[in-house]
Every structure is written in C-alpha cells, then in structure tokens.
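Before any comments, here is the structure.
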Amino acid sequence: MILCAGEALIDMLPRDTADGPGFYPATGGAVFNTAIALGRLGAPVALHTGLSSDLFGQRLSDALAASGVENRAAVSERPTTLAFVTLTDGQAEYAFYDENTAGRMLSPQDAPDMAGIAALFIGGISLAVEPCAAAYEALALSRPDLPVMIDPNIRPGFINDEAAFRARLDRLFAVADIVKLSDEDLAWLGMGAGDVLAAGVDVVCLTEGASGVRAITAKGEVHVPARRVTVVDTVGAGDTFNAGFMAGLHDAGALDGNVPSDAYLRAALDLGVAAAAVTVGRAGANPPWRAEL
C-alpha cells in the first residue's frame, strides 16, 4: 500500500452566482488529491494528514472513502484549512487560511500506523509550515527502507522561512527515490535536474506544461509529450500526474526503491499524463477513474 502524507483542505473555487461572485467549497490539497487519484486508478492507498472533526473535515473523510482511500488521519477539533482559488486563464493561484488548523498543527507524535505500507508519497504546502512540516519530514526519515516520492509543489508566497524550507528539502532529497518538479519549481530552487540527482535522488520527473514531462535518471531520460485537451483549469493536474506515475510503477511492480527501466518509466509517465489530461478538462481537482482512461 502507498501512504500519502500531507495536507487535506478545502479549495474555495470561484463561481458566478445569482447574487454575484461566490465560492464553491471543494475537497482538495495536493497530497489529498494525489491519494484520491491513486484510489481511483486502482492502487492500494492510504492518507495520513491532520483532519478536522468539523463539517469540512467530514466532507474530506467522506471523499476518501468514496475513492477507496484508507483514512489514517489524526483527527482533532481544530478547523480545516481553506484555500481560496483565483483563476487567470485557467491557471490557479491560492490564498491560504491555515493558522492553528488541524492540518497545520499535526506533530511527529501523531505518526500513523505503518502496517502494510510499501511506499511513501509526501509533498505540498505541508513541507513549508510548522509543526506539520517537521512531522512529515520525521515520517520520511524514520523509514529509510521505504521507496519515497516527493513533490514539493513550491508556492513561494506560502514559505515564511526560506532557509529552513531549503534545508528541509536538502534532507528529504537525500532519502527520496523520486522527486517531481515543475520547471517553475526547478527555477525557484536554482538547480538543474542533475543537481537534484546528485543530492541522492534516483528519478527526477520534470513537468514542462505543454511540452510534456521527462523522467531523468543518471543514465538518461525518457520524454512523454503532453496531450492536447481543452483546459478548464489546472487545479489538481500535477497531483493527478503524481498518482498516475506512482500507479504505473505499482502496476509494473517497479515501485520498490530500485531505478525503474526506461520501459517502466515511459509506461508510468504515459499513465500520469493521460490522467492529468482528464483532470485539466474538468473544473477543480476531479481526477479520473481508471475506466475513464
């Protein structure tokens, strides 16, 4: 089973109403979206997060169950994180309301049951704020035997302590097997894909928008082009790609900590790109079921 560990929140999506502009509360969060997509693609998956007992937390819990995701959350009475979304030509920007929330206040003492876990996925805004960032880092560092995929999903406006965030990524890259980065992420880090590999990573997945995605290893790279699709918005696109890539490796028995062959990487990239193409054609983070591909 793959354990996804990171934020679960409510995306407040802009909507036109009879009374003027408004917002629709949709389940979301980068790591939550990845877990949902993995469940819909048929991979065995669980989610560890800080989950509220409020009405939004119940909505998140119900969504996990509906997509076949095992819930290994730490539940509290603190409120749910809200992310208000602004769309510009389909591209999403976020304003987060996260102080003292159930997700933000997760601590290392809230570590989940790891029974049956064979791989770990972490990332998102959870790695940028305390104390939850320390909790997810401790989880990854405590199980060096597990293959780990990381998507830092860098949002500069959410990073209060850049030096601490960069230091955390250095420590996590040292134990990661796979790191997914967008071209914007790589530019912010001031690194090349080779630098990320040199940090100890086996595979760098570099997403480049309309140019597609590359899986880069010490031996070379595999490229898969993007699919042509009418974009409604990009909410959850990268998260869905992550799920498709991991599900593809899982299907092949190649999510085991070894460097996958080019054939396995291409198949995993293909599944990730195909799943993400469906997501961008829909409003909000609504990843496809396997039968829709």
Side-chain angles (χ1 to χ4, degrees), residues 2-12 26-39 45-52 56 60 63-64 69 72-74 80-85 92-99 101-106 110 112 119-140 148-162 164-166 168-169 171-173 176 178-182 184-186 188-189 205 207 234-246 272 276 279 284-285 287:
I2 300 167
L3 179 67
C4 295
E7 75 271 10
L9 51 81
I10 295 294
D11 282 326
M12 302 298 286
T27 56
V31 179
F32 175 91
N33 293 338
T34 296
I36 291 290
L38 276 164
V45 59
L47 176 72
H48 174 58
T49 189
L51 199 63
S52 175
F56 289 134
L60 289 162
L64 293 173
V69 181
R72 297 195 184 186
T80 298
T81 298
L82 302 180
F84 283 80
V85 181
E93 296 183 356
Y94 299 83
F96 294 95
Y97 292 78
D98 190 48
E99 290 296 327
T101 61
R104 175 76 172 267
M105 300 309 293
L106 189 79
D110 296 316
L120 177 65
F121 174 84
I122 63 172
I125 63 170
S126 305
L127 298 182
V129 293
E130 302 292 354
C132 65
Y136 294 122
E137 179 184 356
L139 179 62
V148 176
M149 179 173 178
I150 299 173
D151 176 6
N153 197 24
I154 297 168
R155 302 195 183 282
F158 202 74
I159 300 168
N160 293 323
D161 188 337
E162 183 176 325
F165 179 69
R166 289 180 179 274
R168 171 164 287 119
L169 290 186
R171 294 190 295 271
L172 289 172
F173 285 1
I178 304 165
V179 172
K180 196 291 286 291
L181 297 163
S182 67
E184 294 92 347
D185 291 336
L186 208 56
W188 186 89
L189 288 169
C205 286
T207 58
T234 61
V235 178
D239 311 325
T240 303
F241 169 81
N242 292 336
F245 186 78
M246 292 192 82
T279 298

Point to revise | Derivation of the side chain to side chain contact (heavy atoms under 4.5 Å, CB included) call for T27 and F32 | key: CA-CA 8 Å; T27 56; F32 175 91; 3.6 Å; yes
Check your understanding: Can V179 and F173 be said to form a side chain to side chain contact (heavy atoms under 4.5 Å, CB included), step by step?
Key -> CA-CA 8 Å; V179 172; F173 285 1; 3.8 Å; yes
Practice item. Could you walk me through whether L3 and I122 pass the side chain to side chain contact (heavy atoms under 4.5 Å, CB included) test, one step at a time? Key: CA-CA 9 Å; L3 179 67; I122 63 172; over 6 Å; no
Check your understanding: Taking it one step at a time, do L51 and T80 satisfy side chain to side chain contact (heavy atoms under 4.5 Å, CB included)?
Key -> CA-CA 7 Å; L51 199 63; T80 298; over 6 Å; no
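Contact check for P131 versus M105: side-chain heavy atoms found under the 4.5 Å cut-off. Within the 4.5 Å cutoff, the side chain of F241 has no heavy atoms near those of the M246 side chain. Taking the side chain as every heavy atom from C-beta outward, L127 and E137 never approach each other to under 4.5 Å. Side-chain atoms of I125 and L9, non-hydrogen and from C-beta on, do get closer than 4.5 Å to each other. Within the 4.5 Å cutoff, the side chain of L120 has heavy atoms near those of the L139 side chain. L38 is not listed as a side-chain neighbour of F121, based on a closest heavy-atom distance of 4.5 Å or more.
Nearest heavy atom pair, residue V69 against residue A35, reads CG2-O, 3.3 Å. The two atoms that bring A37 and P287 nearest to each other are CB-CB, 3.6 Å, heavy atoms only. For the pair C4 and V45, the tightest heavy-atom approach, listed with the atom from each and the gap, is SG-CG2, 3.9 Å. For the residue pair A133 and A128, the shortest heavy atom distance occurs at CB-N, 4.2 Å. The shortest heavy-atom contact between T240 and A276 is CG2-N, 3.7 Å. Nearest heavy-atom pair across G50 and Y136 is N-OH, 4.0 Å.
Of the possible polar contacts, none joining the D110 side chain to the L106 backbone as a donor-acceptor pair under 3.5 Å is found. Remark: the backbone N or O of A30 is paired with a side-chain donor or acceptor of T34 at under 3.5 angstrom. Distance alone, capped at 3.5 Å, places no donor-acceptor pair between the H48 side chain and the A73 backbone. Listed for the T49 side chain is a donor-acceptor partner under 3.5 Å among the backbone atoms of G6. In this structure a side-chain-to-backbone donor-acceptor pair under 3.5 Å is present from S182 to D185. When atom types are taken as modelled, the side chain of E7 and the backbone of G29 share no donor-acceptor pair closer than 3.5 angstrom. In this structure, R104 contributes its side chain and V129 its backbone to no donor-acceptor pair below 3.5 Å.
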Show the atom names and distances, to 0.1 Å, of all donor-acceptor pairs under 3.5 Å that link a side chain in residues 148-156 to residues at least two apart or in another chain.
unit_1: D151; atom_1: OD1; unit_2: N153; atom_2: N; d: 3.0
unit_1: D151; atom_1: OD2; unit_2: K180; atom_2: NZ; d: 3.3
unit_1: D151; atom_1: OD2; unit_2: N242; atom_2: ND2; d: 2.9

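The line from SG of C205 to CG of L181 is 9.0 Å long, rounded to the nearest 0.5 Å.
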